[in-house]
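Beneath this line is the structure, given in structure tokens, with notes to follow.
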Amino acid sequence: MSEFLGQMKRTNYCTEVSEEQIGQEIVVMGWTAKTRNLGSLIFIDLRDRTGILQIKFDENLVDKETFAKAESVRNEDVLAVRGVLRAREGAAKNPRMKTGMVEVVAKELKILADADIPPFVVENNPNASEALRLKYRYLELRTPALQEKIMLRSKVCSIIRNFFADNGFLEIETPFLGRSTPEGARDYLVPSRVHPGEFYALPQSPQLYKQLLMVSGFDKYYQIARCFRDEDLRANRQPEFTQIDMEMSFVDDEEDVMNVAERLIRKVFKETIGVEFEQNIRRMTYKEAMTRFGSDKPDTRFGLEIQDISDLVKDCGFGVFTGAIAAGGSVRLVNAKGFSRQPNPILSRKEIDALGEFVKTYKAKGLATITVKEEGVQSSVAKFLSEDTLNAILKRANAEVGDTLMIVADKNETVFASLGALRLKLAEKAHLIDENKYDILWITEFPQFEYSEEEGRLVAVHHPFTMPKVEDLPLIDTDPLAVRAKAYDLVINGQEAGGGSIRIHSKEVQNKMFETLGFTDEKIQKMFGWFVTALNYGTPPHGGLAFGLDRLIMLLSKTDNIKDVIAFPKVQNASDLMTEAPSEVEDKQLRDLSIGITAKN
RNA sequence: GGCCUGGUAGUUCAGCUGGUUAGAACGCUAGCCUGUCACGCUAGAGGUCGUGGGUUCGAUCCCCAUCCAGGUCGCCA
């Protein structure tokens with residue numbers, strides 16, 4: 001039965017007890033983490049969000065009724081305890097606990113709420129599947145490991161707000177209920193009751209609104225903004241997520257925005273986990289990142305760089321290689337240095353063969369390997385190559401005994417995707433990544449356009465309002481794929497932590513962009529006429545950036561799972577296992593919205 | 001939408017290419033215990049083997065379908 005607090009007031013958090021309080025009476029409240037009943041002596045570990053404090057009930061020091069009540073306490077019961085803080089003596093000390101030198105000798109106990117037996121024991125790394133933990137998320141959130149991450153997130157938000165306020169940025173909210181934009185990710189739609197058959201869309205990002213705020217003259221804006229994308233989930237992707245969104249006016253040099261972003265990130269890392277980044281975070285062009293690491297978000301904490309051998313094999317006579325090159329692609333390799341060193345190779349033959357299947361998931365047709373052994377090379381492709389060619393490849397790759405060269409020949413996109421993924425896989429297998437290291441860099445000079453096979457036209461890599469490099473403007477007509485954008489991504493440990501761009505403020509350039517993307521005036525009007533109209537009324541040069549808050553917290557707390565940093569996350573099929581959302585709704589609600597359900601898949 | 005992995009006590013798992021009573025640990029219940037902190041000791045309860053169908057004398061085990069969960073490719077301007 002639940003008891004009421006009455007006159008009891010909490011005096012201390014469980015772990016926030018000081019030496020000076022020893023001998024004094026205190027009142028603590030929290031959840032029962034563990035009970036240990038020794039007969040006429042009962043220990044209860046009491047937990048709140050600061051940690052655990054041991055409570056002692058001694059049969060000789062407390063009245064019978066209270067002792068009996070203490071005997072009835074079960075895990076996760078909510079308790080209020082009044083007692084005297086005592087120093088522990090001798091062997092009773094527990095140096096493994098933050099509060100292991102003290103304990104509370106209880107005088108009074110109230111069981112504020114008794115708890116049902118939890119479906120899993122509430123402790124760090126609960127022995128339960130993720131599905132079960134998410135169904136009872138409120139219990140998992142009681143674990144110190146998760147509480148730490150959620151509290152870290154709160155701290156980061158507070159640092160961000162202070163930083164922006166100190167730097168003259170205004171926090172301005174933008175709508176959740178907006179207009180659907182058919183480009184980009186799928187929208188979450190919200191039906192309108194007042195306008196039957198019409199829908200709002202939840203924002204994929206506040207992008208257009210924040211640009212309008214620049215048109216309005218707010219000059220420096222930020223927002224910690226929730227964004228929604230109706231796409232499939234990943235270990236680091238949720239359907240709703242949070243961006244640290246900022247935009248500033250009267251800048252047209254990328255460095256001006258990057259500088260602000262850098263100062264913010266430096267402050268966040270320093271004030272939360274004490275990590276200080278070098279004064280000048282290095283820049284790497286998109287082209288260099290792709291060529292060396294096969295990714296626009298390279299993990300540069302380890303080597304295994306990609307090398308181009310197209311020039312060495314272009315006339316080698318081996319059709320797989322020459323064909324790929326003739327079709328405009330390339331032949332590149334990663335030297336898995338020492339992976340086949342005998343007698344204890346990092347990867348067995350079988351494991352190396354399995355990597356062939358691995359690269360196929362990235363559309364590569366296969367993986368050619370050359371292993372250098374004492375007695376010579378072992379290779380599936382050596383017989384197609386002349387000795388000179390083979391030697392040239394080994395030399396290019398700086399191959400030594402014990403190395404395995406892993407080669408992909410295909411169109412560049414596929415070569416980079418597969419080898420980029422392969423080097424991450426190899427690093428993981430060989431434990432090449434120092435988990436305590438933070439590696440941060442900017443990727444710059446992204447291409448403005450890319451060719452979409454699906455649409456059969458050029459599309460914007462970033463979005464159609466991204467400003468191209470001024471010196472590349474003449475290329476728009478002659479070689480659009482060579483046009484570089486004033487766009488930049490901040491990459492930390494191979495994760496895209498944030499990205500942004502300078503936006504187009506010139507009508508002429510904007511029209512040129514639309515023209516190049518093949519947008520007719522009609523289409524422009526229909527898709528974002530309201531936005532283009534606004535740009536015509538006096539738009540200052542502006543640019544901005546958005547960080548992924550969830551991914552930042554993941555980096556700070558060293559987790560690979562985005563669910564660890566969100567209080568109530570969703571699972572792979574975008575449902576919430578706790579509330580069982582989404583759910584069917586009552587017919588009346590559907591009628592109000594003029595919605596009829598025609599079919600279910 | 002494709003591919004891969006998993007689903008057996010409250011929980012995490014084991015279960016021999018098919019056989020008589022489906023096990024372990026933790027948790028839970030009861031009893032004993034004054035220095036535990038993964039307390040200890042004794043006893044006990046607890047199972048539609050995800051669901052539906054098939055093969056078989058017989059299915060937790062093999063096959064098919066389906067549902068659920070995880071990872072991943074596509075997708076994420």
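Throughout, a chain's letter reflects where its sequence line sits, starting with A, and its residues are numbered from 1.
Residue E103(A) is classed as a base contact, given a heavy-atom separation below 4.0 Å to a base. Using a 4.0 Å heavy-atom criterion, one finds that V459(A) contacts no nucleic acid atom at all. Note on R88(A): a base of the nucleic acid sits closer than 4.0 angstrom, heavy atoms only. Using a 4.0 Å heavy-atom criterion, one finds that I52(A) contacts no nucleic acid atom at all. Among the protein residues, A91(A) comes within range of the nucleic acid bases, having at least one heavy atom under 4.0 Å from a base atom. Among the heavy atoms of the strands lying under 4.0 Å from N573(A) are primed sugar atoms or P, OP1, OP2 only; no base atom is included. Within 4.0 Å of K93(A), counting heavy atoms only, lies at least one base atom of the nucleic acid.
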Distance-only donor-acceptor pairs under 3.5 Å for side chains of residues 565-577 of chain A, two or more places apart:
{"residue": "K570(A)", "atom": "NZ", "partner": "E240(A)", "partner atom": "OE2", "Å": "2.9"}
{"residue": "N573(A)", "atom": "OD1", "partner": "S575(A)", "partner atom": "N", "Å": "3.1"}
{"residue": "N573(A)", "atom": "OD1", "partner": "S575(A)", "partner atom": "OG", "Å": "2.6"}
{"residue": "D576(A)", "atom": "OD1", "partner": "M578(A)", "partner atom": "N", "Å": "2.8"}
{"residue": "D576(A)", "atom": "OD1", "partner": "T579(A)", "partner atom": "N", "Å": "3.2"}
{"residue": "D576(A)", "atom": "OD2", "partner": "T579(A)", "partner atom": "OG1", "Å": "3.3"}

Show me, pair by pair, the donor-acceptor contacts under 3.5 angstrom made by side chains of residues 353-364 of chain A, not counting sequence neighbours?
{"residue": "E357(A)", "atom": "OE2", "partner": "K360(A)", "partner atom": "NZ", "Å": "3.4"}
{"residue": "T361(A)", "atom": "OG1", "partner": "F358(A)", "partner atom": "O", "Å": "2.6"}

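At a cut-off of 3.5 angstrom, the base of C75(B) holds at least one donor-acceptor pair with the side chain of R237(A). In the interface, the side chain of D232(A) is paired with the base of G74(B) through a donor and an acceptor atom under 3.5 Å apart. For R186(A) against G1(B), a side-chain-to-base donor-acceptor contact under 3.5 Å is absent.
Note on E130(A) versus K563(A): salt bridge recorded, some NZ/NE/NH1/NH2 to OD/OE distance being below 4.0 Å. Taking the charged nitrogens against the carboxylate oxygens, E435(A) and K558(A) have no contact shorter than 4.0 Å, which rules out a salt bridge. Under a 4.0 Å N-O distance rule, the pair R142(A)/E123(A) does not qualify as a salt bridge.
For R179(A), the side-chain contact (heavy atoms from CB on, under 4.5 Å) partners are W530(A), not counting sequence neighbours.
Pair check for U56(B) finds none; no Watson-Crick or G-U wobble contact set falls under 3.5 Å. Pair assignment for G6(B) gives C68(B), based on Watson-Crick or G-U wobble hydrogen-bonding distances that are each under 3.5 Å.
U36(B) and G31(B) have their P atoms separated by 23 Å, with the value rounded to a whole Å. The separation of C61(B) from U51(B), taken at their P atoms, amounts to 11 Å, rounded to a whole angstrom. Comparing the same atom, C1', in U8(B) and in G15(B) gives a spacing of 9 Å after rounding to whole Å. A69(B) and G54(B) have their P atoms separated by 28 Å, with the value rounded to a whole Å. Here, C64(B) and U72(B) have their P atoms 27 Å apart, quoted to the whole Å. Using atom P as the reference point in both G10(B) and A22(B), the two lie 16 Å apart (nearest Å).
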What's touching nucleotides 9-12 of chain B from the protein side, N or O pairs under 3.5 Å?
{"residue": "G10(B)", "atom": "O2'", "partner": "P119(A)", "partner atom": "O", "Å": "3.3"}
{"residue": "U11(B)", "atom": "O4'", "partner": "P119(A)", "partner atom": "O", "Å": "3.4"}
{"residue": "U11(B)", "atom": "O2'", "partner": "N127(A)", "partner atom": "O", "Å": "2.1"}
{"residue": "U12(B)", "atom": "OP1", "partner": "S129(A)", "partner atom": "N", "Å": "2.8"}
{"residue": "U12(B)", "atom": "OP1", "partner": "S129(A)", "partner atom": "OG", "Å": "3.4"}
{"residue": "U12(B)", "atom": "O4'", "partner": "N127(A)", "partner atom": "OD1", "Å": "3.2"}
{"residue": "U12(B)", "atom": "O2'", "partner": "N127(A)", "partner atom": "OD1", "Å": "3.3"}

Protein-nucleotides 2-5 of chain B N/O pairs under 3.5 Å:
none

Show the distances under 3.5 angstrom between N or O atoms of the protein and N or O atoms of nucleotides 39-48 of chain B.
{"residue": "C39(B)", "atom": "OP1", "partner": "K34(A)", "partner atom": "NZ", "Å": "2.9"}
{"residue": "C39(B)", "atom": "N4", "partner": "N37(A)", "partner atom": "O", "Å": "2.4"}

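Taking the six-membered ring for Trp and the full ring otherwise, Y286(A) and F446(A) have centroids separated by under 6.0 Å.
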- Message: Under the criterion side chain to side chain contact (heavy atoms under 4.5 Å, CB included), I'd like the reasoning laid out for F465(A) against F531(A): C-alpha separation, chi angles, the key distance, then a yes or no.
- Response: CA-CA 11 Å; F465(A) 311 106; F531(A) 179 67; 3.4 Å; yes
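Using modelled atom types, one side-chain atom of Q510(A) and one backbone atom of P464(A) make a donor-acceptor pair closer than 3.5 Å. Proximity of a side-chain donor or acceptor of T99(A) to a complementary backbone N or O of V102(A) within less than 3.5 Å is not detected. Between the side chain of K69(A) and the main chain of L109(A), a donor-acceptor pair closer than 3.5 Å is present.
With rounding to whole Å, M578(A) atom CE is found 18 Å from A69(B) atom C1'.
Minimum heavy-atom separation, L41(A) to F67(A): N-CZ, 4.0 Å.
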